[in-house]
Amino acid sequence: NKNRSTAAAFLNEEGRFSIRRLDSPHDELGFCELNAVCKADFVYSESAQAFFAVSQDGQLFKISSGGAVTDSLALKTGTAEDYCITLLDTTGDGIDEVLICGGGNAVYAYTAGLAPVEGFPAAGTGIPYLLDIDGDMLPELITYGIDSKLHAYKGSALR
C-alpha cells in the first residue's frame, strides 16, 4: 500500500541479517547479528511471516519480518559446509515447513515454530520437491540421495 515501502533482506557470510528499504532513502528497517557463519541462502515464508536461516555450525534461526531473532534451534546434523534450506507445505495445512539438509544423506523438517515434523528425517540431499508422481492427487516428497537414486516419500507428514 502507499504507506509501506519496498524492502529487501540481506544476510552476509558473517551472519549479519539486515532489512533495507529499496526506495530512497535506503534506511535500514531492522537487523540482527546471528554471530555465526552463514553460507547457505536464507528463505522467507509468507505463511509464517518470518525468515529462516541456517548457519554452518548447525543453528536454525527464525527471524521476524522486523529483523529480530524470534527462535533458534541446534540441528542434529551439526556442522556442515553444504546446508540447503527450503520451504514446503508437507502437512497440507497452508503453513510452510522448513526443510534442511546438509552434512549427510538426510532431510529434516521443522514446523514454523521449529518443532520437528513427524515422518522425518528422510533420505536425501539437496533441495527436495513435492510432486504428485502416482496420480492420487496427494504430493510425494522427492529427494535425491547420496546413493545416486531418487527417493519418493508419502505419508502422514505429506497430506
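Panel note: side chain D27, backbone L29; no donor-acceptor pair is recorded below 3.5 Å. A donor-acceptor pair under 3.5 Å is formed between the side chain of N105 and the backbone N or O of I146. Put simply, the side chain of S47 gets close to the backbone of D96: a donor and an acceptor are under 3.5 Å apart. No donor-acceptor pair under 3.5 Å is formed between the side chain of Y83 and the backbone N or O of C38. Remark: side-chain polar atoms of S45 are not paired, donor with acceptor, to backbone N or O of Q49 under 3.5 angstrom. One N or O on the side chain of D82 and one on the backbone of G103 form a donor-acceptor pair closer than 3.5 Å. The closest donor-acceptor contact from the side chain of E28 to the backbone of I19 lies at 3.5 Å or more, if one exists at all. Although no hydrogens or angles enter the test, the distance criterion places a donor-acceptor pair under 3.5 Å between the side chain of T143 and the main chain of A123. Not one N or O on the side chain of E140 forms a donor-acceptor pair closer than 3.5 Å with the backbone of A152.
Rounding to the nearest 0.5 Å gives a distance of 9.5 Å between CD1 of I63 and CZ of F52. Considering CD1 of I127 and CG of L99, their distance stands at 10.5 Å, rounded to 0.5 Å. Residue Y153 holds its OH atom at 9.5 Å from CZ of F120, rounded to the nearest 0.5 Å. With rounding to the nearest 0.5 angstrom, the CD1 atom of I133 is 8.0 Å from the NZ atom of K154. We find the CD1-CG distance between I95 and L87 to be 12.5 Å, quoted to the nearest 0.5 Å. To the nearest 0.5 angstrom, F61 atom CZ is 10.5 Å from L114 atom CG.
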- Message: Y108 vs T77, test: side-chain contact (heavy atoms from CB on, under 4.5 Å). Steps then yes/no.
- Response: CA-CA 9 Å; Y108 291 85; T77 54; 3.3 Å; yes
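Counting only N and O atoms by type, the side chains of T111 and E97 include no donor and acceptor under 3.5 Å apart.
At a threshold of 4.5 Å between non-hydrogen side-chain atoms, the residues L34 and S55 do not count as touching. Counting only heavy atoms from C-beta outward, the side chains of L75 and V54 approach each other to under 4.5 Å. Contact of the L141 side chain with the L130 side chain is registered, since non-hydrogen atoms from C-beta on lie closer than 4.5 Å. Using a 4.5 Å heavy-atom cutoff, the side chains of P139 and L131 are not in contact. The side-chain heavy atoms of I100 and L60, taken from C-beta on, include a pair separated by under 4.5 Å.
For F17 and F10, the ring centers are positioned 6.0 Å apart or more.
Minimum interatomic distance between G126 and P128 (heavy atoms only, all atoms of both residues): O-CD, 3.4 Å. Closest non-hydrogen pair, F51 versus S65, comes out as CE1-CA, 4.0 Å. Among all heavy-atom pairs drawn from H26 and R20, the shortest one is O-NH1, 2.9 Å. Heavy atoms only, all atoms of each residue included: C32 and V69 are closest at SG-CG2, 3.7 Å. Taking every heavy atom of both residues into account, D41 and I85 meet most closely at O-CG2, 2.8 Å.
Side-chain heavy atoms closer than 4.5 Å link hydrophobic residues (I, L, V, M, F, W, Y) into clusters, and following such links, possibly through other members, connects L11 to Y44.
The 12-atom threshold is exceeded at CG of D71, counting heavy atoms of other residues, nucleotides or ligands nearer than 6.0 Å.
R16 forms a cation-pi arrangement with F31, by the criterion of a distance under 6.0 Å to the ring centre and an angle within 45° of the ring axis.
The side chain to side chain contact (heavy atoms under 4.5 Å, CB included) test with K62 singles out one residue from T70, L73, V98, and that residue is T70.
Between D147 and K149, none of the side-chain N atoms (NZ, or NE/NH1/NH2) sits under 4.0 Å from a carboxylate O, so this pair counts as no salt bridge.
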